[in-house]
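Below is one structure, written out as structure tokens, with a few remarks after it.
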Amino acid sequence: MVGRMKRAIVVLLCVAAAVAAADRQVVEKETGTKFAAKLKGASGKSLVCVGTACREKTMFAVNVYAIAHWVEAAGAKAALKKWKGKSGKALEKDQAFYDALSKADVEKRLRLVFVRDVESKKIREAFEDSLKNTFKPMPKVVKEFVALWKADLKEGNTMELRSLPGGTLEAYQNDKLLKRFEKNKELAAGVWQIWFQQKLADGYLKDVKKGLVSGIGAIWK
């Protein structure tokens, strides 16, 4: 009887620990926005959050959105083996690492939570300013991506970008799928480089770039 009770308690403790792990969150410090530490990816594999950041704009450092970045740990570990064991801090100035991460053919996800209203025109302009640094000239599919963002984003609204193995890119607004771009690795990598390219659209993105890989060490655990 006592043995069965002990086993039951152990099972309950294991279940509680699993639930706690599933509910674990990371907090973007500037805005207080909470994101899941882990997500279930499209393939069923776990995605781990490797960084958060706050996008600021203008000389008055107005907060625009909080952003989090997840990667499929096992796949990222293989794709980034050259940098094995290095921390986000150690990689802050290594553009080769950012390029490899953007091009890595593993499941990745970016989620933006807006903390102020932004007009759709401004969103399209921001994407275009960033993407024209990567694509010269800008191909039709990139223009189609920019044109997706027809609705204004209000405070509390979300945008999500999902890069899937094989080069498929999915774009969501307020958790509604806007479009799926199939098997275009160049587009998928180029969209990631909005935040990770060497020539950023403005200086305020430098801290975002670093923040989104600040916890990259988690993939080596």
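Along the sequence shown, residues carry numbers from 1. Worth saying up front: this structure is predicted, and the values here are computed from it rather than measured.
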Which pairs of donor and acceptor atoms, one on a side chain in residues 146-155, lie under 3.5 Å apart (sequence neighbours left out)?
{"unit_1": "Trp149", "atom_1": "NE1", "unit_2": "Phe145", "atom_2": "O", "d": "3.2"}
{"unit_1": "Lys150", "atom_1": "NZ", "unit_2": "Ala147", "atom_2": "O", "d": "3.2"}
{"unit_1": "Asp152", "atom_1": "OD1", "unit_2": "Ser120", "atom_2": "N", "d": "2.8"}
{"unit_1": "Asp152", "atom_1": "OD1", "unit_2": "Ser120", "atom_2": "OG", "d": "3.3"}

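Residues passing the salt bridge (Lys or Arg N to Asp or Glu O under 4.0 Å) test with Arg180 are Glu170, sequence neighbours excluded. Taking Arg109 as the reference, Glu107, Glu160 meet the salt bridge (Lys or Arg N to Asp or Glu O under 4.0 Å) condition, with sequence neighbours excluded. Residues meeting the side chain to side chain donor-acceptor pair (under 3.5 Å) test with Trp70, sequence neighbours left out: none. Remark: Tyr98 pairs with Phe196 by the ring-ring contact (aromatic ring centres under 6.0 Å, His included) rule, at least two apart or across chains. Glu28 is linked by a side chain to side chain donor-acceptor pair (under 3.5 Å) to Thr31, counting only residues two or more places apart in sequence or in another chain. Residues passing the side chain to side chain donor-acceptor pair (under 3.5 Å) test with Lys209, sequence neighbours excluded: Gln95. Not counting sequence neighbours, the partners of Lys179 by the salt bridge (Lys or Arg N to Asp or Glu O under 4.0 Å) test are Glu144. Residues passing the ring-ring contact (aromatic ring centres under 6.0 Å, His included) test with Tyr172, sequence neighbours excluded: none.
Residue pairs meeting the side-chain hydrogen bond (donor to acceptor under 3.5 Å, both in side chains) criterion with at least one partner in residues 72-92, sequence neighbours excluded, are Trp83-Asp94. A side-chain hydrogen bond (donor to acceptor under 3.5 Å, both in side chains) check over residues 128-139, counting only residues at least two apart or in different chains, returns the pairs Asn133-Gln197. Counting only residues at least two apart or on different chains, the salt bridge (Lys or Arg N to Asp or Glu O under 4.0 Å) pairs with a member in residues 95-106 are Asp105-Lys185.
A salt bridge between Asp117 and Lys122 is absent, with no side-chain N of the basic residue lying under 4.0 Å from a carboxylate O of the acidic one.
Taking hydrophobic clusters as Ile, Leu, Val, Met, Phe, Trp and Tyr residues chained together by side-chain heavy-atom distances below 4.5 Å, Val27 does not share a cluster with Leu47.
In this structure a side-chain-to-backbone donor-acceptor pair under 3.5 Å is present from His69 to Leu212.
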